[in-house]
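Along the sequence shown, the residues carry numbers beginning at 1.
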Amino acid sequence: MLISEFAEQTGLSVETVRFYVGKGLLAPKRSALGGRSRYQIFSDDDVAAARMIQLQKSLGYTLAEIAALTREYKAGARSATRTAEVLRNQIQRLQAQRSQIENAVSFLTKKLAWVEAGKPGDAPQFPC
């Protein structure tokens, strides 16, 4: 698929896709068409890679960290031990985010109840 189709399928902007390609996070194939500016052809594997990038970004990984993990994966350094280590790290990040979200929801719920009750006494403080 061409870049516009790829962008639509992944929910990324064309500019973001180009940025990721430039950073080496995505590596589409090049077609013979297009003269000096040959077309980039994206595959289902590229879609999976883009989704992994989106997941890793949501976990708080920097693009540099994502690029390093991608290089490591492509280089074949993906032993079961290393894969388990990366997965544990991702799970820990998600658990930390869940805890932060739960604290924020608790605070906002208490703040809403305080506002709806006419703001009696001191306002709830974060973290609860």
Side-chain angles (χ1 to χ4, degrees):
M1 70 191 85
L2 297 177
I3 194 168
S4 59
E5 296 170 90
F6 179 78
E8 185 175 327
Q9 189 168 352
T10 59
L12 299 171
S13 70
V14 170
E15 293 79 19
T16 299
V17 173
R18 287 187 178 123
F19 179 77
Y20 288 171
V21 169
K23 292 290 184 183
L25 296 171
L26 296 172
K29 295 200 179 353
R30 298 280 184 169
S31 77
L33 303 174
R36 287 186 6 218
S37 300
R38 298 184 312 173
Y39 293 118
Q40 295 175 334
I41 306 297
F42 294 87
S43 68
D44 290 338
D45 287 342
D46 295 313
V47 171
R51 291 191 176 136
M52 182 57 70
I53 292 167
Q54 290 168 311
L55 170 65
Q56 289 170 325
K57 281 183 62 183
S58 76
L59 295 173
Y61 285 88
T62 66
L63 289 180
E65 291 171 317
I66 294 169
L69 287 170
T70 301
R71 282 190 303 274
E72 182 179 333
Y73 180 80
K74 287 181 179 180
R78 52 187 161 152
S79 70
T81 302
R82 177 64 178 137
T83 300
E85 179 184 339
V86 169
L87 291 172
R88 277 190 201 92
N89 190 13
Q90 290 173 334
I91 289 167
Q92 288 173 346
R93 285 182 186 221
L94 280 172
Q95 289 171 334
Q97 287 178 347
R98 178 176 55 197
S99 177
Q100 291 170 349
I101 289 169
E102 288 171 354
N103 286 339
V105 168
S106 176
F107 165 71
L108 293 173
T109 301
K110 290 175 183 176
K111 183 95 176 206
L112 175 61
W114 177 76
V115 168
E116 289 179 337
K119 300 182 180 181
D122 293 333
Q125 298 298 310
F126 186 80
C128 300

| request: Name all residues meeting the salt bridge (charged side-chain N to carboxylate O under 4.0 Å, His left out) criterion together with E8; count only those two or more places apart in sequence or in a different chain, and write none if there are none. | output: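 So E8 forms no salt bridge (charged side-chain N to carboxylate O under 4.0 Å, His left out) with any residue.
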
Inter-residue atom distance [X].[atom1] - [Y].[atom2], 0.5 Å rounding:
X	Y	atom1	atom2	result
K29	Q40	NZ	CD	12.5 Å
L25	R71	CG	CZ	8.5 Å
T10	Q54	OG1	CD	6.0 Å

If you define the side chain from C-beta out and look only at heavy atoms, does anything of [X] sit under 4.5 Å from [Y]?
X	Y	value
L69	M52	no
L63	Y20	yes
K119	W114	yes
Y61	N89	yes

| task | Search all heavy atoms of S13 against all heavy atoms of A7 and return the closest pair with its distance. | result |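 In terms of heavy atoms, the two residues are closest at C-CB, 4.1 Å.
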
| Residue pair A49 / L26: nearest heavy atoms and the distance that separates them |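 Result for this residue pair: CB-CD2, 3.8 Å.
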
| query | In terms of ring plane angle, is the pair F6 and F42 parallel, tilted or perpendicular, where the classes change at 30° and 60°? | reply |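 Aromatic pair F6/F42 classed parallel.
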
| For S4, which residues count as a side-chain contact (heavy atoms from CB on, under 4.5 Å) partner, sequence neighbours excluded? |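 For S4, no residue satisfies side-chain contact (heavy atoms from CB on, under 4.5 Å) once neighbours in sequence are set aside.
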
Could you pull out all donor-acceptor pairs under 3.5 Å where a side-chain atom in residues 92-101 meets a protein atom, sequence neighbours excluded?
| residue | atom | partner | partner atom | Å |
| --- | --- | --- | --- | --- |
| R93 | NH1 | L59 | O | 3.4 |
| R93 | NH1 | G60 | O | 3.3 |
| Q97 | NE2 | S58 | O | 2.7 |

Is there a path of hydrophobic side-chain contacts, each under 4.5 Å between heavy atoms, that joins [X] and [Y]?
X	Y	answer
L112	V105	no
I41	V14	no
V47	L55	yes

For the pair [X] (side chain) and [Y] (backbone), establish whether a donor and an acceptor sit closer than 3.5 Å, ignoring hydrogens and angles.
X	Y	value
E116	A113	no
Q56	E65	no
Q125	A123	yes

| task | Applying side chain to side chain donor-acceptor pair (under 3.5 Å), name anything that partners T109, two or more places apart in sequence or on another chain. | result |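 Here no residue qualifies.
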
| message | Using the side chain to side chain donor-acceptor pair (under 3.5 Å) criterion, which residues pair with E85? Sequence neighbours excluded. | response |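 Residues passing side chain to side chain donor-acceptor pair (under 3.5 Å) with E85: R82.
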
| request: Sorted by first residue and then second, give each salt bridge (Lys or Arg N to Asp or Glu O under 4.0 Å) pair with at least one member in residues 43-60; sequence neighbours left out. | output: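 Output for this query is empty, none listed.
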
| task | Begin with the C-alpha distance, continue with both residues' side-chain angles, and end with the deciding distance and a verdict on side-chain contact (heavy atoms from CB on, under 4.5 Å) for V21 and I3. | result | CA-CA 11 Å; V21 169; I3 194 168; over 6 Å; no

| task | Give the intermediate values and the outcome of side-chain contact (heavy atoms from CB on, under 4.5 Å) for residues L108 and F126. | result | CA-CA 9 Å; L108 293 173; F126 186 80; over 6 Å; no

